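Please read all numbers here as calculations on a predicted model, not as lab measurements. To find a chain, count down the sequence lines: A is the first, B the second, and so on, and within it residues start at 1.
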Amino acid sequence: MTTPGAPETMPTMHDPQTELSQRFSAAIAEAFGPEHAAVDPLIAPAKNPKFGDYQANVAMSLGKAVGRNPRDVAADLLAALDVGDLFDPPDIAGPGFINLRLKDDYLSQCAASLAGDERLGVGPDDSPQRVVVDYSGPNVAKEMHVGHIRSTIIGDAIVRVLEFLGHTTIRRNHLGDWGTQFGMLIEHMIDTGATTQADSFHVGDLNALYQQSKQAFDSDPAFADRARDRVVKLQSGDPDTLKLWRLLIDESYRHFSEVYARLNVRLTEDDVRGESAYNDVLSDVLADLESAGLTVLSDGAVCVFPDGFAGRDGEPLPLIIRKSDGGFLYATTDLAALRYRIRDEHAQRIAYVTDARQKQHFAMVFQTAKSAGWIDEGAAQDSSGGVRLDHVPFGTILGEDGTPFKTRSGDTVKLADLLDEAEQRAAAIVARKNPDLDANQRRQVARVVAIGAIKYADLSSDRVKDYVFSWDRMLAMDGNTAPYLQYAYARIQSIFAKADVDPSTLRNSPAPTDVPVTHPAEKALILKILQLGGVIRAVSETLEPHRLCTYLYELASSFSSFYENCPVIAADNDAQRRARLILCDITARTLKTCLGLLGIETLDRM
RNA sequence: CCGCGCGUAGCUCAGUCGGAUAGAGCAGUGGACUUCUAAUCCACAGGUCGCAGGUUCGAAUCCUGCCGCGCGGACCA
């Protein structure tokens, strides 16, 4: 949001933590020699306000490395350190902690900089990459259920974060659209006459279609034979069969896209590249592996035994490439997809957002790809070397009784039903809390709150752990929940409305003197916002969205404290009022930006 | 049997690369609404960080062993 009138000479503003890291690194090199220049200065926000605003923990570890007393190391470091323009004289405390306190005008300078920056001080990544993110991946001819929600939500958030940092993402929806089950599905379509138009069967009937086909397959040998023939026809590309198969996919995708739209997930049909897309190259993959000398014939099946994997009794664990009957399995498809992503899509990083139970599977697939030399193939395009492969595992959703989340009758929960219930519950809360809203507004608020609550509950705890699904907790207005964050945002908008201020007028290159910091709650709020860049970079590195949630909650808590302690509209004077309005604006934009990165919407009123 | 993951307050969860007195929310107790949305805030109380060793100035964090739970482990995905 830099304006033409802004002085060109204004140096690029770093957040204080980055600034300190750079200056400490320089001081380390100067005081202890270039051989220690790469040592991380270990700058962190102060653990306790009484220690100041930031702390450097490097003196202890450096002291060990150079065999000296850490406090003496800290003293030498401070002698070489040049931060007097921005910080008060640092203290050495305890075993060698260095405590730093920002000067007030530096803090004001930071706040002014945030106010004038659309990206809130977070620059794009230095080395943007092409990243393939594989997520969602529902099965054709089945309704989406809770088993798909985590991959879909987590993957979407990861994509948004990566794109915010300037990476190019290739979203991949690896649909389960191929396999022997399609023989019976298609044969059943023919039997029931659902062959000419999509609307002769409905999404809601897909599960029924699957169950009926399965039942026919199990109970009727003649049907089973026809189904097997149909698989052969499908695989050999019989046009009539393919047409029916296509119909099934289209009808299924219509259902998926409805769910994606409700979830505000950005997957589109262009992102679909299902299992069937790799069907033609499976034998090439096999040939690749054979020529790399990786394959072993074992009990009639073609296997790869990747290094470092043992099964029962410590015997090598196979990755089965081709079954003894000649058929291919998902390992082969995953290898084909991996090869395609490296070779044809030129990915520099590939992230697979799948259930934690597939961890070993992907580890084996990755190891096989490395042994086959595919990763080096990618290194030719990536000057930084190689392709980074990330499995992004997540745990199971549990009910409040600690067992996997099911309906009362023990069935898997359909995603559409889950969203319906969330909206109903949210609507009831909205009606109770804010009866002033008209019916239309209530419905809109309920929708945004409901979807936000479900997503945030999923994203806010460490994804690798199982999490306990609880309506009451996710829809609570207290604690680390989406409604609490959305409420903080709405309160800010309410201030602007009441003050009759257009927040965009607050972003026009304010000067540091426009943002004096007079209250500890104001200072805490600015310091929290200054942590944004570090948090987002950490998420892009670890692919752990819950770090952003933890941050958001801390931010909203800081704002709530500010809200209680620092009147905005009724500030002491115009200057303070304007300063606080600016703080409100950067807080609101930070909340909205972060929630947006999680795929969660905000509301001006709720 | 082998491998992977998890184990933090009554419950649900954070805890950065090993750093200062392990933090939140819920539930509990006690406070705060003529004041920008009380859908909120403040305070109090609550801990053998699964157990036992080890590494060191310092361990919830790293190493070893054990216990408990979950999940994988040959032609499903």
Quick one: closest heavy-atom pair of [X] and [Y], and the distance?
X        : Y        : result
A:Arg580 : A:Pro567 : NH1-O, 2.9 Å
A:Ala426 : A:Val449 : CB-CG1, 4.3 Å
A:Cys584 : A:Ile492 : O-CG2, 3.5 Å
A:Thr505 : A:Arg578 : O-NH1, 4.4 Å

At under 4.0 Å between heavy atoms, what does [X] touch on the DNA or RNA strands: base, sugar-phosphate, or nothing?
X        : result
A:Cys549 : nothing
A:Ser461 : sugar-phosphate
A:Val468 : sugar-phosphate
A:Arg432 : nothing
A:Ala301 : base
A:His361 : nothing
A:Leu317 : sugar-phosphate
A:Ile569 : base
A:Ser560 : sugar-phosphate
A:Asp436 : nothing
A:Ala538 : nothing
A:Ala490 : base

What I want to check is whether an N or O donor and acceptor connect the side chain of [X] with the base of [N] at under 3.5 Å.
X        : N      : answer
A:Asp478 : B:rA38 : no
A:Ser298 : B:rA74 : yes
A:Asn480 : B:rC13 : no
A:Tyr330 : B:rA77 : yes

Is it true that the NZ or CZ of A:Arg491 lies under 6.0 Å from the centre of A:Tyr563's six-membered ring and within 45 degrees of the ring axis?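 Pair A:Arg491/A:Tyr563 counts as cation-pi.
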
Separation of the [atom1] atoms in [N] and [M], to the nearest angstrom:
N      : M      : atom1 : answer
B:rC62 : B:rA14 : P     : 16 Å
B:rG58 : B:rA20 : C1'   : 10 Å
B:rC41 : B:rA24 : C1'   : 15 Å
B:rA77 : B:rG72 : P     : 15 Å
B:rG19 : B:rA60 : C1'   : 13 Å

Rounded to the nearest angstrom, tell me the gap between atom [atom1] in [X] and atom [atom2] in [N].
X        : N      : atom1 : atom2 : result
A:Arg577 : B:rC36 : CZ    : P     : 14 Å
A:Leu603 : B:rA39 : CG    : P     : 16 Å
A:Ile429 : B:rA39 : CD1   : P     : 13 Å
A:Phe309 : B:rA74 : CZ    : C1'   : 16 Å
A:Gln493 : B:rA39 : CD    : P     : 18 Å
A:Tyr563 : B:rC42 : OH    : P     : 14 Å
A:Gln17  : B:rU16 : CD    : P     : 14 Å
A:Glu554 : B:rC13 : CD    : P     : 18 Å

Give the ring-plane orientation class for A:Tyr278 versus A:Tyr340, where under 30° counts as parallel, over 60° as perpendicular and anything between as tilted.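 Answer is perpendicular, since the angle exceeds 60°.
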
Going by the side-chain contact (heavy atoms from CB on, under 4.5 Å) test, name the single residue among A:Ser21, A:Ser25, A:Pro16 that passes it with A:Ile43.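 Single pass found, and it is A:Ser21.
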
Planes under 30° and centres closer than 5.5 Å, is that true for A:Tyr484 with the base of B:rA39?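 The base of B:rA39 is not stacked with A:Tyr484 (the test needs centres under 5.5 Å and planes under 30°).
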
Please check the phosphate of B:rA38 (OP1 and OP2 only) for any side-chain N or O of A:Arg491 closer than 4.0 Å.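 Looking at the OP1 and OP2 atoms of B:rA38, one of them is under 4.0 Å from a side-chain N or O of A:Arg491.
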
Please tell me if A:Tyr551 has a side-chain N or O lying less than 4.0 Å from either OP1 or OP2 of B:rA14.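 Answer no for this pair, as no side-chain N or O of A:Tyr551 is under 4.0 Å from OP1 or OP2.
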
Identify whether the distance between the nearest side-chain nitrogen and carboxylate oxygen of A:Arg577 and A:Asp572 falls below 4.0 Å.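 Result for this pair is no, no salt bridge flagged.
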
If the threshold is 4.0 Å, N to carboxylate O, is there a salt bridge linking A:Asp218 and A:Lys214?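 A:Lys214 and A:Asp218: salt-bridged.
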
Which atom pairs link the protein and nucleotides 22-24 of chain B when you take only N or O atoms and keep those under 3.5 Å?
from: B:rA24; atom 1: O2'; to: A:Tyr553; atom 2: OH; distance (Å): 3.3

A:Asp502, CG: over 12 other non-hydrogen atoms inside 6.0 angstrom: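 Counting neighbours around CG of A:Asp502, more than 12 heavy atoms of other residues, nucleotides or ligands fall under 6.0 Å, so yes.
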
Checking A:Thr354 against A:His391 for the side chain to side chain donor-acceptor pair (under 3.5 Å) test, could you report, in this order, the C-alpha distance in whole Å, the side-chain angles of both residues, the deciding distance, and whether it holds? CA-CA 7 Å; A:Thr354 80; A:His391 181 231; 2.6 Å; yes

Among B:rA74, B:rC42, B:rU40, find the nucleotide with the atom closest to the side chain of A:Ile320.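 Looking only at heavy atoms from C-beta outward on A:Ile320, the closest nucleotide is B:rA74.
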
Nearest of B:rA20, B:rA39, B:rA74 to any side-chain atom of A:Gln55?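 The answer is B:rA20.
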
Under 3.5 Å for both pairing distances: what stems, at least three Watson-Crick or G-U pairs long, include RNA chain B?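 Expected stems, ordered by start: B:1-7 with B:67-73, B:10-13 with B:23-26, B:28-32 with B:40-44, B:50-54 with B:62-66.
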
NZ-CG distance between A:Lys592 and A:Leu485, expressed to the nearest 0.5 angstrom: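 Atom-to-atom, A:Lys592:NZ and A:Leu485:CG are 14.0 Å apart.
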
OG on A:Ser470 to CZ on A:Phe405, rounded to 0.5 Å: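 Those atoms lie 9.5 Å apart.
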
Quick one: which residue pairs count as a side chain to side chain donor-acceptor pair (under 3.5 Å) with a foot in residues 53-76 of chain A, not counting sequence neighbours?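 Only A:Asp53-A:Lys523, A:Gln55-A:Asn57, A:Arg68-A:Asp76 qualify under side chain to side chain donor-acceptor pair (under 3.5 Å).
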
Any pair counted as ring pair (Phe, Tyr, Trp, His ring centres under 6.0 Å), so long as it reaches residues 478-499 of chain A, sequence neighbours left out: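 Every pair satisfying ring pair (Phe, Tyr, Trp, His ring centres under 6.0 Å) with a residue in residues 478-499 of chain A: A:Tyr484-A:Tyr553.
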
Take A:Phe217 and A:Tyr210 through the ring-ring contact (aromatic ring centres under 6.0 Å, His included) test and state the conclusion after the steps. CA-CA 10 Å; A:Phe217 187 87; A:Tyr210 190 90; over 10 Å; no

Less than 6.0 angstrom separating the ring centers of A:Phe562 and A:His519, yes or no?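 No, they do not, as the ring centres are separated by 6.0 Å or more.
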
Show the distances under 3.5 angstrom between N or O atoms of the protein and N or O atoms of nucleotides 3-6 of chain B.
none

Between the protein and nucleotides 54-63 of chain B, which nitrogen or oxygen pairs come in under 3.5 angstrom?
from: B:rG58; atom 1: O6; to: A:Lys64; atom 2: NZ; distance (Å): 3.2

